[in-house]
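Here's the structure we're looking at; comments come further down.
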Amino acid sequence: MCRYQQKWNIDLKLRPFFLSGIMQGADNRPPGMVPAKATYMGKDLKRLTDMYQVPFKLPSNPAEVMFIKGSINAGRFLTAVDMNCDQYLEELTRQLFLRIYYRDEDITEPASLMSAAAKAGIPEDLAKQLLSTIKDQAVKDRLRQNTQAALDHGAFGSPTIVAHVDGKPQMFFGSDRMELMAHMLGEKWYGPLPELAKAKM
Amino acid sequence: MAALRSRKVVELFYDVISPYSWVAFEVLCRYQTRWNIDLQLRPFFIGGVFKETGNKPPALLAAKYTYAQHDLRRLADFYKIPVKMPPMERLMRRENVNSNRLLTAVTLDCPEHLENLSRELWMRVMARDQDITEPASLETAATAAGIPSDTTPQLLSRIRDDDVKAALKDTTNQALAYGAFGAPTIVAHIEGTPVMIWGSDRFPLLAHLLGERWEGPLREMAKY
C-alpha cells in the first residue's frame, strides 16, 4: 500500500489497531493455532516476501511473539504517534515490523520502542514523552476506537483494508486482494513494484 | 530450435461445495491454454481435510461467512464466474460427499467428462442454489455435462462402490500429505519439488514460481 500510494489516486490512512481485540470481537482464532496452517504460513510468507522484496524472516519462536508477548504496548505507542506526530507513523510501523519480522527483536519493552522510534527519525525527547503516554486513557481509547471501527466494517483479522469507493466502504481481508481492489478503484495493478520499496535489509 | 520443455504438473484438489475452489478451477482451466502446465483435476473431500487437521469450515464463523458473501460477489464480477455463497444449510449438508464420490467415479471411469461435470455441479450449487446430493440432481447434472444418458444410471450407482469411496479417501490423503488444510489446494510440481498453495488468491505468485506471466482474470475466456 505504501508503494501504491505513489501510483494510485488514493489517500492512504494508516490505522493501527489491536489484533487480539479483533480476534475477541469476531470470536476468531489466530490461524497459526492450526498446526497445518502454521506450517503453511511460514512457507507462504517466505515466498511472498521474496516476490514482493520485503525483508522478512520468521522469528525463532513465532508462537511466543504472536500469542504470548503480543503487541499492546507497540499498538499504543503507534497510536500516540498517530495522535501527535503522524508524519512518523509509516516509518515507525516499518521499524517495528523489521524488529519482529526481520531481526527477531522484542517490541514490548520501552527500550525496544525507543530504539524503533530512533530509527524512524523521531527526536529522542519526543519519543520519550510519547512513550510516557501509552497508558493514558486517551491513547487506550483511540486504539480501542480504531479496533472497533475495523470490527464495525466486518473485520475478523489483519490486515483489514477498507477502500471507500463511490461513497461505499469495501472491506478487504488479507494482503492478497490488491488486484481486485485496483479493479474496484479503477486503477491498474502493476505487481510487486520492488523499485518503490522503502523497507531495506 | 527451442528445446521442447516438458509441461509442469499442477494438481488442483477441490471440493464442489467450496466456492473458492470454483474460482481456482476456472482460472486454471483458462490458464492451462496459456501456461506450459499439465492441469490435473483432483476432486477430494474437504470434510476429511477438516477432520484430520483440526481446521474448521470458515463459514462457521459469522464474520467470515458475511465477508465471503461480499468477497465472492466481487470475485464473480472480476473473474466473470457466476459464483454465489450458498446458504448455510446447503453448505453444511453431510450428503454433499455424494457429489465428490460421483466426480471420483468419473475420474476412474470416464475422466474426459470430469471438467464439464465439475463445472455443472458448481453451476447447480453456487449459481442456481440447487441440490447436489440427491440421485435425481446428480443425474440431471451428469446429463447436462454431456455424459450419455444410457451410462448415467451405472455411473450413479458407482457412488456406493468401495473402490470409489477408497479412491476419494486416497485423493484426500494425498492432499493432506502435501500439507493441505482447506480448499482449494493447488500443488505445482516445480523442478521435482511439490509446492503447495492454498486458496484462489495466489495466482501471481504461482505464475512467478512457474516462470510464467499472470495476465489477470481473462474474462474473455469465461464460459458464461
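Order of the sequence lines sets the chain letters (A, B, ...), proteins ahead of strands, with each chain counted from 1.
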Original post:
So, Y102(A) versus F56(A), ring centres under 6.0 angstrom or not?
Top reply: no
Original post:
For the residue pair Y14(B) and W122(B), is the inter-centroid distance of their aromatic rings smaller than 6.0 Å?
Top reply: yes
Original post:
For L209(B), is it the side chain, the backbone, both or neither that has a heavy atom under 4.5 Å from a heavy atom of chain A?
Top reply: side chain
Original post:
Considering only heavy atoms, which portion of R177(A) lies under 4.5 Å from any heavy atom of chain B: side chain, backbone, both, or neither?
Top reply: side chain
Original post:
So, K198(A) and E90(A), do they make that salt bridge, N to O below 4.0 Å?
Top reply: yes
Original post:
Side chain, backbone, both or neither: which part of T66(B) has a non-hydrogen atom closer than 4.5 Å to chain A?
Top reply: neither
**OP:** Please state whether the side chain, the backbone, both or neither of M33(A) comes within less than 4.5 Å of a heavy atom of chain B.
**Re:** neither
Subject >> Largest heavy-atom contact set with chain A, pairs under 4.5 Å, which of K56(B), R74(B), K64(B) >> reply: R74(B)
**OP:** Give the ring-plane orientation class for F156(A) versus F173(A), where under 30° counts as parallel, over 60° as perpendicular and anything between as tilted.
**Re:** tilted
**OP:** Could you verify whether a donor N or O on one side chain and an acceptor N or O on the other, from T171(B) and R42(B), lie under 3.5 Å apart?
**Re:** no
Subject >> chain A contact via H70(B) - which portion, at a heavy-atom distance below 4.5 Å >> reply: neither
**OP:** Measure Y52(A) against the heavy atoms of chain B and call it side chain, backbone, both or neither at under 4.5 Å.
**Re:** neither
Original post:
Between the side chain of Y31(B) and the main-chain N/O of E215(B), is any donor-acceptor distance below 3.5 Å?
Top reply: yes
Subject >> Side chain / backbone / both / neither for D44(A) at chain B, heavy atoms under 4.5 Å >> reply: side chain
Original post:
Taking atom types as modelled and ignoring hydrogens, do the side chains of N116(B) and E120(B) form a donor-acceptor contact shorter than 3.5 angstrom?
Top reply: no
Subject >> Interchain contact, L61(B) with chain A, by part (heavy-atom threshold 4.5 Å) >> reply: side chain
